[in-house]
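In what follows, a single structure is set out as C-alpha cells and then discussed.
Each chain gets a letter, A, B and so on, in the order the sequences are listed, and its residues count up from 1. FYI, side chains are in, hydrogens and waters are out, and symmetry mates aren't considered; it's all heavy atoms of this structure.
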Amino acid sequence: MAEIVRTRFAPSPTGYLHVGGARTALFNYLLARRLGGRFILRIEDTDQTRNIEAADAKLMEDLRWLGLTWDEGPEVEGPYGPYHQSQRRALYDEHARRLLDAGLAYYAMETREELEALRRAAVQRGDKGYRYARPTRFPSESEARAARDAGRPVVIRFKMPERDFVVPDRILGEVTIRAAELSDFVLMKADGWPTYHFAVVVDDAAMKITHVLRGQEHLMNTPNHIALFEAFGAPVPQFAHLPIIFNMNGTKMSKREKDKVVRDAARAAGLADERLGALAGLHDAELVRAWRAEQTQLPGDALARLARALHVTVPEIEIHDFRRSGYLPEVLVNFIALLGWNPGTPQERFTLDELCAAFSLERVGKTNAKFDREKLLAFNTAALAAAEPARKLAAFRDWLAVNERGPLTELDDATRAHLIELCRGFRTFADIELKCGALFVPDQAIEYDEKAVKQHLLKGAGQGVAVLRELRPRLAALSDWTAAALDVAVRAFADERQLGLGKVAQPLRVAVTGTTISPQISDTLALLGRERTLARIDRALTHAAASTREAV
RNA sequence: GCCCCCAUCGUCUAGAGGCCUAGGACACCGGCUUUUCAAGCCGGCGACACGGGUUCGAAUCCCGUUGGGGGCGCCA
C-alpha cells in the first residue's frame, strides 16, 4: 500500500514568479508526476506587510504559462482547501491552542528593544551566537491577556526540544544540527498571524504533504519543522533541499538587479529626476528621488519604459521577464530543469512530458548553479528552429500580447506566420520585431542609421546612391511585384553592372529600412509593396543628398 | 563571529577506485557558407582548487587548508 505522493509549491505573493521559485515549483511538479502523485499550490500570504496586490494571480499565470498546473490549490478545489494561508487562520489558532495546552508552547512578551538588548548583552559576554533563552517561568493566560491589553507585543513560542536533530535529506544526506544551534522560535506573531515556520508545518501536515522540495536556504529551518511535525504527532515528510541559482557574476538573482541596471544607466545619462519621471511615466517625484537614492524599486512597467528610453536591456529575473523577451515556456522549463538536475545521459533537449518520465531525486546535484542566459538563448534558438509552424505562431501571438504595442501588434495571423518564416534562424520573438518592425511603420517614421548610410549609400563617391537611382525606374516598371520577380530583377541588375549582390541589396536595405537589418531583400521589398518601396527610396535619396552637403 | 552545505573546462554538467589521453552542451577562437542580421557547417582552445593520507592504482575514499554559498528575525 504505497502512500500517495503529495508535493507542493508554496510561494509567498510578493510579485511575479522568480526563476528560483520556478525551479522549485518544477521539481515538485516533476516528482509528483513521476511518482503518480499530486502537486499542490499553496499561497503563503501570512505577512501583512509584504503581500502585494494580485501577486497570487501573477504567480498562477506564470506557472500556467510554464505548463506547471496544480492538482489542488487556488482555483482548483481540493479536499484540504482553502489554499491561501490567510484563509486558514482558524487552523493555526487551533494548533497553537493545542500546543499551549500541552505545555509545548508558551507566551512571551519581550519588545523588540528588549530582545535586542538581550542579544547585545550576550555578545558582550562573549557568547557564541545568541539564541533566545527559555524563561524559567512562563506567563499565564491571564498575564498574557493583561500584557496584550497593556499594549505589549505578545507572541507564542515553541519549546524546542533540547537535543540534536538529524535532517534526513534526499539530496544532501543526513545533516546534523546541534541543540546549541536551536532555540524557542516564534509560532504566533504579536499581530495574531502565524509565522512561516508554524503555518508551513500546520499546512503540510493538514495537506498530507509527503515530500518537501525547497531551496537550500531552508536547510537550517528544518529541525524546527521536524520538531513541530513530531509535536503534532504527524508523519514527517521527506526533505530535499535544492541548490541555489545565481547570476553569472555570482550575485543572487534578485529583482533589485533590474533596478540597478536601469539606475546605473540613468546616472550615466545624467538626467534630472523630473525628466526620469517623465520617461518612466511616473508623476510621483518623491518615488523617483527615492529610487535614484537606491531606497526603493520602481513598478515593472515604469522600469521597462525607462529602460527603453535609455536604451538598456533590463536583465530577465522573473519568469514574466523571459516571456516578454520572447522565450518559449517549454525552453525555460527545459533549461531550468537542467539547473541542478541531469538525466545521466547526453540528452539535453526535453519536453515537459519527457522530464516527468525521467526525473528523479537521485539525479539532483548538490552544487549551486549559475544561470547562463547565453545557453538559454541557444536553447531557445534551437527550439524555435525545430518547432511546428502552429506552435511558433501561437507563441508569437503570446509574445505580442504581453508586450506593449509595437509595429507588429495589429498584423493578421497569415502575415505573422509569414514573418516567422522569413526570419528563420531567429533567436527570440523580439528578433522578429527588430528585423521586420521597420516594414510596418509609416515611411516618415523610419530613422537612418548614419553609419549604415555612410557605408552603403555614400561610400565610394556615392556608389550606393547611384545604384538606387538606376534601380528605381526599373522597380517602378516591374510588371510583377512578388518576391520571386524582385529577386530576378535585383540579380539581373547586379549581373549587368558586374556588382556583387551585396552592393545592390545593401543600399536598397538601408534606403528602405534605415538599417542593415531586414529579411532577404526580395522579401523585404515584396512585403513593403511597390509604392512604399519607391517612396522610401526617394526619401533615402533626399536624405543622402543632405548628408553629402553637410559633409562638404 | 558561530553553525551548516558545496567544490571537474569561463558556464551547465558526465564521472559512484582501474573503461579518463577526463566525455557532452553553451560561450570563446579560427575557417567555410552568405545579400544584411541571425542561423547553419567544420575545426580548435579549455577543468579534476591546494596539501596530506588510504590503495598496486584516486577526479572518484579519508583528513586538513583555501575558496564559494546558505543560515543565525514577531521575513518567507
Any salt bridge linking A:Glu141 with A:Arg148? Criterion: basic side-chain nitrogen under 4.0 Å from a carboxylate oxygen.
no
Could A:Arg474 and A:Phe493 be counted as a cation-pi pair, given that NZ or CZ must be under 6.0 Å from the ring centre and within 45° of the axis?
no
Give the rounded distance in Å between these two atoms: CD of A:Glu362 and P of B:A14.
14 Å
What is the nucleic acid contact for A:Pro519, judged by heavy atoms within less than 4.0 Å: base, sugar-phosphate only, or nothing?
base
Applying a 4.0 Å non-hydrogen cut-off, can you work out what A:His218 is touching in the nucleic acid: base, sugar-phosphate, or nothing?
base
Which sits closer to the 5' end of RNA chain B, A:Glu217 or A:Pro194, going by the nucleotide each is nearest to?
A:Glu217
Residue A:Glu447 excluded, over 12 heavy atoms near CD under 6.0 Å
no
Within residues 331-348 of chain A, those residues having any heavy atom closer than 4.0 Å to RNA chain B are A:Leu338, A:Leu339, A:Gly340, A:Asn342, A:Glu348
Has the side chain of A:Asn221 got a donor or acceptor that lies under 3.5 Å from a partner of the other kind on the base of B:A76?
yes
We want to know whether A:Asn380 and A:Thr428 form a side-chain donor-acceptor pair, criterion being a heavy-atom distance below 3.5 angstrom.
no
Scan A:Ala369 against the nucleic acid and name what it touches under 4.0 Å (heavy atoms): base, sugar-phosphate only, or nothing.
sugar-phosphate
Spacing of A:Leu527 atom CG relative to B:U35 atom P, expressed in whole Å
21 Å
Sugar-phosphate, base or nothing in reach of A:Arg157, heavy atoms under 4.0 Å
sugar-phosphate
Taking the six-membered ring of A:Phe27 as reference, does the cationic atom of A:Arg23 (NZ for Lys, CZ for Arg) lie under 6.0 Å from its centre and within 45° of its axis?
yes
By the 4.0 Å heavy-atom rule, please label A:Ser518 as base, sugar-phosphate, or nothing.
base
Kindly indicate whether the side chain of A:Lys366 and the base of B:C6 share any N or O donor-acceptor pair separated by less than 3.5 Å?
no
Interatomic distance where OH belongs to A:Tyr92 and P belongs to B:C74 [whole Å]
19 Å
Between A:Leu419 (CG) and B:A39 (P), how many Å, whole number?
19 Å
Give the rounded distance in Å between these two atoms: CZ of A:Arg131 and C1' of B:C3.
7 Å
Just checking A:His456: base, sugar-phosphate only, or nothing, at a heavy-atom cut-off of under 4.0 Å?
nothing
Using a 4.0 Å heavy-atom cut-off, does A:Thr524 contact any base of the nucleic acid, only the sugar-phosphate backbone, or nothing at all?
nothing
Criterion salt bridge (charged side-chain N to carboxylate O under 4.0 Å, His left out) on A:Lys252 and A:Glu217, from CA distance to verdict
CA-CA 12 Å; A:Lys252 274 198 225 185; A:Glu217 66 269 20; over 6 Å; no
Note: contacts of residues 105-118 of chain A with RNA chain B (heavy atom, under 4.0 Å) are A:Glu110, A:Arg112, A:Leu115
Taking pairing as Watson-Crick or G-U wobble with both contacts under 3.5 Å, can you name the mate of B:C29, or confirm there isn't one?
B:G43
B:G64 versus B:C6 - spacing of their P atoms, nearest Å
14 Å
Taking B:C74, B:C3, B:U35 as options, the one with an atom nearest any side-chain atom of A:Pro153 is B:C74
Sugar-phosphate only, base, or nothing, as touched by A:Arg424 at under 4.0 Å among non-hydrogen atoms
base
Under 4.0 angstrom, heavy atoms only, what part of the nucleic acid is A:Val155 near: base, sugar-phosphate, or nothing?
base
Heavy atoms only, 4.0 Å cut-off, all strands: where does A:Ser183 land among base, sugar-phosphate and nothing?
nothing
Provide, to the nearest angstrom, the distance between the CG atom belonging to A:Leu182 and the P atom belonging to B:C4.
12 Å
A:Ile171 CD1 to B:C5 P: how many Å, rounded?
14 Å
State plainly whether the residues A:Glu116 and A:Arg120 are in salt-bridge range, i.e. N to O under 4.0 Å.
yes
Taking any heavy-atom pair under 4.0 Å as a contact, classify A:Asn247: base, sugar-phosphate, or nothing.
nothing
Which nucleotide in the set B:C74, B:U11, B:A39 lies at the smallest distance from any side-chain heavy atom of A:Lys370?
B:U11
Would you mind reading off the distance between A:Leu172 atom CG and B:A7 atom C1', rounded to a whole angstrom?
13 Å
Mind telling me whether A:Phe429 and A:Phe396 have parallel, tilted or perpendicular rings, with 30° and 60° as the class edges?
parallel
With a non-hydrogen cut-off below 4.0 angstrom, is A:Arg363 in contact with a base, only sugar-phosphate, or nothing?
sugar-phosphate
Show each protein N/O and nucleotides 61-69 of chain B N/O combination with a separation under 3.5 Å, one pair to a line.
unit_1: B:G69; atom_1: O2'; unit_2: A:Asn368; atom_2: OD1; d: 3.1

